[in-house]
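Whatever order the structure lists them in is the order used to number ligands and atoms, beginning at 1.
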Amino acid sequence: MEKKDIKWSEIGFGYMRTDYRFQAEWNDGKWSEGGLITDDKITISECAGVLQYAQTCFEGLKAYTWKDGSIVTFRPDLNAERLQRSARRLMMPEVPTEMFMRALDETIKANAAWVPPYGTGATLYVRPFLFGSGPVIGVAPAPSYIFHMLVTPVGPYFKGGIKPIVICVSDYDRAAPHGTGDIKAGLNYAMSLYPGQLAHSRGYAENMFLDAATRTNVEETGGANFLFVTKDGKLVTPKSSTILPSITRRSLVHVAKEYLGLEVEERVVPFDEVKDFVEIGVCGTAAVISPVGEIDNGDEKIMVPSGMEAMGPVLTKLRETLVGIQMGDVKAPEGWIRKIL
Ligand code: PLP
Ligand code: COI
């Protein structure tokens, strides 16, 4: 199979229309079989639950081309599970794991020419989503739903690849206690657009959100969890019921302990402690691991000791091991890799 003629190493994190997508509909209490379609337009009621009351959630994962040309995905079972959790919280029907995996296999296989080749730094981003498509006018769950999975080739999420970024503490909150911060609801991202734009207009790559209840503890950014490294080389990552349980972060905790022999602490991280860490990064499917070089909180500027030139040594090792596993160059733990082709 011939790959598309694209300058893979130059692409950014954007949408490119690919050839096929998967779609299934939920009506009268059951899912249709679903299958591949070529039409990238979706027709729904003007009064659809998603349009009126933001009844929608999504996932994000990637497909990678290995050196031998095979195409794989990384821990998609956890994405299927998280989509089900999001669906339950938003009163939507769960997408069965069987359908999620079938959609994944079929969509990636059909778009194999769009999966960036090994060694280009680009990957195929997979975006599954679920939304209320049927009409509601009173506040209620929609009577029908669409599950759709699209794919698009992507490069690095942050401009400059793995150069350290500068972020700021947001004056806005991302998620309320007992709210929807721990699911991947579209509404969490809609409300982050304004603080995101504000941060960008002031020259910051991202926001650091603090916990809404006390505004004293670190939560996450708009699209990634935090990683911190202590002076004595421990990996610390915030524990909170209002952040998204990142699959990348959960995988890195395992990699840190089992591959690199690091001590790991998953715990509340007071913002006051941030100045004491020697390396800081954000992690997620899109971000992989991106280093943070500076954090501004109003007039206070925290310069991370690892500096603005490169990622620190501990995060570098974590990144190399994780990417090695995803790219087939490091042996993966049992069950982490799903081979597609
Ligand atoms: N936090 C938020 C708010 C996100 O949107 C994402 C991206 O999915 C993550 C964290 C990272 O999660 P994952 O590693 O599962 O992609
Ligand atoms: C991902 O990492 O997959 C995400 O969904 C983050 C998003 C903000 C691009």
Closest protein heavy atom to [atom], given as residue, atom name and distance to 0.1 Å:
atom: atom 16 (O) of ligand 1; result: Thr285 OG1, 2.5 Å
atom: atom 7 (C) of ligand 1; result: Lys184 NZ, 3.2 Å
atom: atom 1 (N) of ligand 1; result: Glu220 OE1, 2.6 Å
atom: atom 8 (C) of ligand 2; result: Tyr157 OH, 3.5 Å
atom: atom 9 (C) of ligand 1; result: Gly223 O, 3.5 Å
atom: atom 2 (O) of ligand 2; result: Ala286 N, 2.8 Å

Practice item. Would you mind running through ligand 1 and noting each atom that sits below 4.0 Å from a heavy atom of Asn225? Key: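 Ligand 1 atoms under the 4.0 Å threshold to Asn225: 1 (N), 10 (C).
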Exercise for review: Evaluate the salt bridge (charged side-chain N to carboxylate O under 4.0 Å, His left out) criterion for residues Glu220 and Arg174: first the C-alpha distance (whole Å), next the side-chain angles of each, then the deciding distance (0.1 Å), finally the verdict.
Suggested key: CA-CA 9 Å; Glu220 59 177 328; Arg174 178 182 173 274; 2.8 Å; yes
Review point. With a 4.0 Å cut-off on heavy atoms, does Ala286 reach ligand 1?
Key: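 No, Ala286 has no heavy atom closer than 4.0 Å to ligand 1.
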Practice item. Decide whether the shortest distance between a heavy atom of Arg174 and an atom of ligand 1 is less than 4.0 Å. Key: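 It does, in that a heavy atom of Arg174 comes within the 4.0 Å cut-off of ligand 1.
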Under 3.5 Å: N/O of [X] near N/O of ligand 1:
X: Ile247; value: yes
X: Arg82; value: yes
X: Tyr189; value: yes

Review point. With the 4.5 Å side-chain cut-off for hydrophobic clustering, are Ile247 and Val72 part of the same group?
Key: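 Unlinked, Ile247 and Val72 end up in two clusters.
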**Study point:** Shared hydrophobic cluster for Leu61 and Val151 (ILVMFWY, side-chain gaps under 4.5 Å)
**Key:**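 Hydrophobic grouping puts Leu61 with Val151.
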Exercise for review: Could you see which bit of Glu59 sits under 4.0 Å from ligand 1, with heavy atoms only: side chain, backbone, both or neither?
Suggested key: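 Looking at Glu59 and ligand 1, no heavy atom falls under 4.0 Å.
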Check your understanding: When you look for heavy atoms under 4.0 Å from ligand 1, do you find them on the side chain of Ala224, its backbone, both, or neither?
Key ->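 The answer is the backbone of Ala224.
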Check your understanding: When you measure from atom 3 (O) of ligand 2 to each heavy atom in Phe58, Tyr125, Phe13, which option holds the nearest one?
Key ->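 Nearest heavy atom to atom 3 (O) of ligand 2 lies in Tyr125.
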Between [X] and [Y], is the ring centre distance below 6.0 Å?
X: Phe13; Y: Phe158; value: no
X: Phe129; Y: Phe58; value: no
X: Tyr145; Y: Phe147; value: no

**Study point:** Whether Lys331 side chain and Ile325 backbone form a donor-acceptor pair below 3.5 Å
**Key:**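 Side chain of Lys331 to backbone of Ile325: no pair is present.
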Check your understanding: Taking Asn79 for the side chain and Gly60 for the main chain, is one N or O donor matched with an acceptor at less than 3.5 Å?
Key ->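 Yes: the side chain of Asn79 pairs with the backbone of Gly60.
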**Study point:** Ligand-side contact atoms (ligand 2) for residue partner Gly223, heavy atom cut-off under 4.0 Å
**Key:**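 Counting from 1, the qualifying ligand atoms are 6 (C), 8 (C).
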Check your understanding: Are any non-hydrogen side-chain atoms of Glu94 and Arg88 less than 4.5 angstrom apart?
Key ->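 Glu94 reaches Arg88 side chain to side chain.
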**Study point:** Test of proximity, Lys184 against ligand 2: N or O pairs below 3.5 Å
**Key:**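 Indeed, backbone or side chain, Lys184 has an N or O that close.
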**Study point:** Pairwise distance CG(Leu124) to OH(Tyr64) - rounded to 0.5 angstrom
**Key:**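 So the gap between those two atoms works out to 10.5 Å.
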Review point. Applying a strict 4.0 Å limit to heavy atoms, is Arg127 in contact with ligand 2?
Key: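 Yes.
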Practice item. Measure the acute angle between the ring planes of Trp26 and Trp31, then classify it against the limits of 30° and 60° as parallel, tilted or perpendicular. Key: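 Perpendicular, since the angle between the ring planes exceeds 60°.
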Exercise for review: Give me the one residue out of Asp211, Thr214, Val169 that meets side chain to side chain contact (heavy atoms under 4.5 Å, CB included) with Phe271.
Suggested key: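 Passing option: Val169.
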Review point. Side chain, backbone, both or neither: which part of Glu59 comes within less than 4.0 Å of ligand 2 when only heavy atoms are counted?
Key: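 For Glu59, there is no contact with ligand 2 at all, from either part.
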